[in-house]
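Structure, as structure tokens:
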Amino acid sequence: MRSDTFMRSSRFLIATLKETPADAEVISHQLMLRAGMIRKMATGLYNWLPLGLRVLRKVERIIREEMDKSGAQEVLMPLVQPAELWEESGRWQQYGPELLRITDRHDRAFCLGPTHEEVITDLIRGEIKSYKQLPANFYQIQTKFRDEIRPRFGVMRSREFIMKDAYSFHLSHQSLQETYDVMHATYCSIFTRLGLGFRPVLADTGSIGGAFSHEFHVLAESGEDDIAFSNASDYAANIEKAEALPPATARPAPAQAMKEIATPGKHSIEEVSAFLNIKPEQTVKTLIVLGSVQADKSQALVALVLRGDHELNEIKAEKITGIASPLTFAPEVRIKTELGVSVGSIGPVGLKIPMIVDHAAAHLADFVCGANKDGYHLTGVNWDRDEKAPMVADIRNVVAGDPSPCGKGTLEIKRGIEVGHIFQLGTKYSEAMKAKVLNEAGQEQTMIMGCYGIGVTRVVASAIEQNFDENGIIWPDSIAPFHIAIVPINMGKSEAVAKKANELYTQLSQIGFDVLFMDDEKARLGAMLADTDLMGIPHRVVIGDRGLEAGTIEYKARRDENKQEIAINDLVNFLRGQIKV
RNA sequence: CGGAGUGUAGCGCAGCCCGGUAGCGCGUCUGUUUUGGGUGCAGAAUGUCGGGGGUUCGAAUCCCUCCACUCCGACCA
């Protein structure tokens, strides 16, 4: 039985703020500070106050329940990890300054874990020896540390954060696929129970590596990722990954002669197209990047050609053979000395370096481009006639209106917050770290791995991004710090009000609701309502003499405009019907 | 690390140009009043003006330096 003192406002730290702290940019950060959920202690490091922690724990509980249901087993691994494991996987060298490296008193190297592939692989290679123990999936809910270049948006992108990470081990790709599918379904259940509007989207596998991957995004304006959706199917992909289909029609025939035109001082696509009075779609831009590193450490220049209105997709580009990964733009000095032209006037015609042209740029006829001569552009340019047929590839970001890669409908673009990510890792870590089991034939076989993450602290912030109004947070019932706020009017003066409020408080708590009883006798009604609204408590009952005399109590759902008078005797049942825990 | 900016009471800010006894609003505390949506009144506490150095009779203010933080571009749950 829980002690009720934890739920009386007089015994609970209500740390609400009337004014918005100046350094909070996004709404979730502002409201978490104002509602008294978190306080900053240093860049990217936050204290969680009682109100915030209640939400965090509820999120964890739902994740735990669904992970357990999926057959995964919970473990707990250390935050501090020995460097040797990271050297074994090769990531001690690969990881940049984001990996916080520390030494102990014996001068031995450790790091604060940004993720736990090495540790779990080390643990499991020692424990699992036989195919009979597979498949197996282990998860933990634990603090991670990443020394982010730029922490921001409060707990949305902090340096220290809580993550649920799971790692599965298999003998076959089919088994991995089965668990991957189970985790996909489990994630859908988790985010549904959390009350979030979300979408699973196809994703790039990023630095963790592997073959196949989905991200789970909460749709919100403040999201840092662009997600492309088909308007006619379930297709959704991170813009990093979304394929731009080649144009279906044939390239138009040349109609104009190529001409050189002076464009003094015009460098950007906007300047040039405005100057020539044409659409950016009729121009081409040429970006110079570095080629892959050669044996002698040199890197040649490579040109990437895009339609003027399109954006380079760096992820797609760096996957092309011959291009350096990570993608690196060529220093201006090298462009100037090796190509004899400044950045604003480069074009594909007569360019003496390897060239990769995006489908859309390759489809243009009579286009405009830099003349490879400072201050000049070419008009009426045509492929084949003026410059040899280009090597064509998909290197741009899709834009709204592009045909969907799934073949149905066109793409729309929305912002998303990445709250979950599932990967098929394959043998990247098990191979490097020799995690093997004996198979049915008695032979050693490297285990195949999957990994599955959820940003727990980020979930809390993203829930707010989706659920707020001008008065504050509006929690979904499943993760609300309290389900019900009991707000008595003039409890200090009215014995009837005090009696009923206490009675209801006990009764509702015993049923199992989390109730916050605003029991400060001197508190003013307006202040209590402002606080309970700001804190986002989804259900509120106001008890006053006026209602009691009429035999009713006022109820208002945080999300609704209107309040309603409920007969006192019906109230408990009414609340049971209202609250979906 | 690059670019821009800010550090003055718990929070939000003014004062700085043009040096001369530290200010406003909110919050906090006391009393009083009010009580169906952040009441009104009266009073009180709280500051090494980010740190250090310099110029000056005198520095929050001018100069140097260090530190911290925020915002804009390269990371990811």
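Since the structure is predicted, the reported quantities are computational estimates derived from the model, not experimental observations. Each chain gets a letter, A, B and so on, in the order its sequence line appears, and its residues count up from 1.
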Can you check whether [X] has a side-chain N or O nearer than 4.0 Å to OP1 or OP2 of [N]?
X	N	result
T43(A)	U70(B)	yes
R150(A)	G73(B)	yes
K40(A)	U70(B)	yes
R157(A)	A77(B)	no
K18(A)	G27(B)	yes

Base of [N], side chain of [X] - is there a donor-acceptor contact under 3.5 Å?
X	N	result
R540(A)	G37(B)	yes
R524(A)	U34(B)	yes
E19(A)	G25(B)	yes
R146(A)	C75(B)	no
D545(A)	G36(B)	no

Review point. Which of parallel (below 30°), tilted (30 to 60°) and perpendicular (above 60°) describes Y452(A) and Y180(A)?
Key: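 Plane angle between 30° and 60°, so tilted.
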
**Study point:** Electrostatic pair E148(A)-R157(A), nearest N-O below 4.0 angstrom
**Key:**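 Yes.
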
Review point. Are side-chain N/O atoms of T16(A) and D531(A) paired as donor and acceptor at under 3.5 Å?
Key: yes

Suppose you measure atom [atom1] in [N] against the same atom in [M]; what distance do you get, rounded to whole Å?
N	M	atom1	result
G50(B)	C17(B)	C1'	22 Å
A44(B)	G2(B)	C1'	50 Å
A22(B)	U46(B)	P	15 Å

Check your understanding: Can the ring centroids of H214(A) and F216(A) be said to lie less than 6.0 angstrom from one another?
Key -> no

